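Just so we're clear, the structure is a prediction, and the values are computed from it rather than from any experiment.
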Amino acid sequence: SQPHRTRTAFAGPTRERGTSAPYAMAPRVRRSSTAAPVCLAAFAATLVASTASRWLLFCGSPSTAARTAVVARSAGFDGAPAPARKKAKVALSEEQLRADHGDAWTLVDSVLRGNKAESPEAIMRARFTAVKYKDAAFLAATEIDENADRKQRTESWKQVLGLVEKDPIQNLLSFGGESDIESLKSVRSFQIVSTLDDDVEFKIACSNGKVLHEKSTFKKDAKWGYVYTGESEFGKWESA
């Protein structure tokens, strides 16, 4: 039988692909009825859509010969269809991007400079960099969630990344502890497992030893090149 699609940490609430049914309590990811959804985008949407349970998981071009050691990259999202992006929030060097993406660092560099992502892999890599450097606005801007607007998604990401205090209801639901998705407050490494068409399978290793393993779907976007659809074939937390 065909697996279901559920939202993951990089996604929003869950529903089956191709249906108009309401989102479930977690990110959209194809999964069995007993599987626990864990995708990035899913968490952001879930924080807003439900008070019972929340989830969340979260995806260049060749470099020129001469460039400065540190380049300003605009990863923020400025709202309406504005002609220009906001100024860079964080200055990242080639060395910093290479540390996470190797030779694929130029894919991220291009996106953060304001260019459209040339592939689903490019935007997924940029989203990982946004998680590492805590750019909630970029994460909210490069994902789709029919149950939450961009402002709500941004606030949800701020909670996930530890930029603001956890919602009181969330704190009660987690009994004052830390949920898996909050492992994204501190990440160590990123790995692309495979890419096929609009799907990207990846792993994010966190500082607490947990690993987010997810396969998510992206779609073309007029502004960003590609954005995360909120649907994932699967999203799960593993041990390093």
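- Pairing each heavy atom of Gln152 with each of Asn147, the nearest pair is OE1-O, 4.2 Å.
- With values rounded to the nearest 0.5 angstrom, Asn115 atom CG is found 11.5 Å from Leu107 atom CG.
- Between atom CG of residue Asp100 and atom OH of residue Tyr133 there is a gap of 5.5 Å, rounded to the nearest 0.5 Å.
- Contact record, Ala130 with Phe138: CB-CD2, 3.5 Å, taken as the closest heavy-atom pair.
- With sequence neighbours left out, the salt bridge (Lys or Arg N to Asp or Glu O under 4.0 Å) criterion links Lys158 to Glu155.
- Leu163 and Ala136 get closest at one heavy-atom pair: CD1-CB, 4.4 Å.
- When the side-chain hydrogen bond (donor to acceptor under 3.5 Å, both in side chains) test is applied to Lys210, the partners found at least two apart in sequence or on another chain are Asp180.
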Next item on the list: Give the C-alpha distance, both sets of side-chain angles, the deciding distance and a yes or no for side-chain contact (heavy atoms from CB on, under 4.5 Å) between Arg125 and Leu97.
Entry: CA-CA 10 Å; Arg125 286 184 178 279; Leu97 292 178; over 6 Å; no
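- Qualifying side-chain hydrogen bond (donor to acceptor under 3.5 Å, both in side chains) partners for Ser186, counting only residues two or more places apart in sequence or in other chains: Ser207.
- Under the rule for a salt bridge (Lys or Arg N to Asp or Glu O under 4.0 Å), the partners of Asp103 that lie at least two apart in sequence or sit in another chain are Arg98.
- The closest side-chain heavy-atom distance from Trp237 to Ser179 is not below 4.5 Å.
- Taking the salt bridge (Lys or Arg N to Asp or Glu O under 4.0 Å) definition, one finds that Asp221 meets it with nothing, sequence neighbours left out.
- With rounding to the nearest 0.5 angstrom, the OG1 atom of Thr142 is 11.5 Å from the CZ atom of Arg150.
- Taking 4.5 Å as the limit, every side-chain heavy atom of Phe190 sits out of range of all side-chain heavy atoms of Lys132.
- In terms of the side-chain contact (heavy atoms from CB on, under 4.5 Å) criterion, residue partners of Lys203 (sequence neighbours excluded) are, by chain and number, Gln191, Val193, Val211, His213, Glu238.
- Side-chain atoms of Asp198 and Lys219, non-hydrogen and from C-beta on, never get closer than 4.5 Å to each other.
- Side-chain contact between Arg127 and Phe202 is absent, with no heavy-atom pair separated by less than 4.5 Å.
- Checking each of Ser232, Pro120, Ser119, Ser216 against Val200 for a side chain to side chain contact (heavy atoms under 4.5 Å, CB included) leaves exactly one that passes, namely Pro120.
- Distance check, rounded to the nearest 0.5 Å: NZ of Lys134 to OG1 of Thr129 gives 13.5 Å.
- Using modelled atom types, no side-chain atom of Thr217 and backbone atom of Thr229 make a donor-acceptor pair closer than 3.5 Å.
- Heavy-atom minimum distance, Tyr226 versus Ala117: CD1-O, 3.6 Å.
- When side chains are defined from C-beta on, Leu139 counts as touching Leu161, because their heavy atoms get closer than 4.5 Å.
- Going from atom CD of Glu214 over to atom CZ of Phe234 covers 8.5 Å, rounded to the nearest 0.5 Å.
- You'll find the side chain of Ile204 stays beyond 4.5 Å of the side chain of Val131, heavy atoms only.
- Considering all non-hydrogen atoms of both residues, Cys206 and Leu184 come closest at SG-CD2, 4.1 Å.
- Inspection of the Ser156 and Gln159 side chains reveals no N or O donor paired with an N or O acceptor under 3.5 Å.
- To the nearest 0.5 Å, the span separating NE2 on His101 from CG on Asp109 amounts to 10.5 Å.
- Of all non-hydrogen atoms in Lys185 and Val160, the two that sit nearest each other are CG-O, 3.2 Å.
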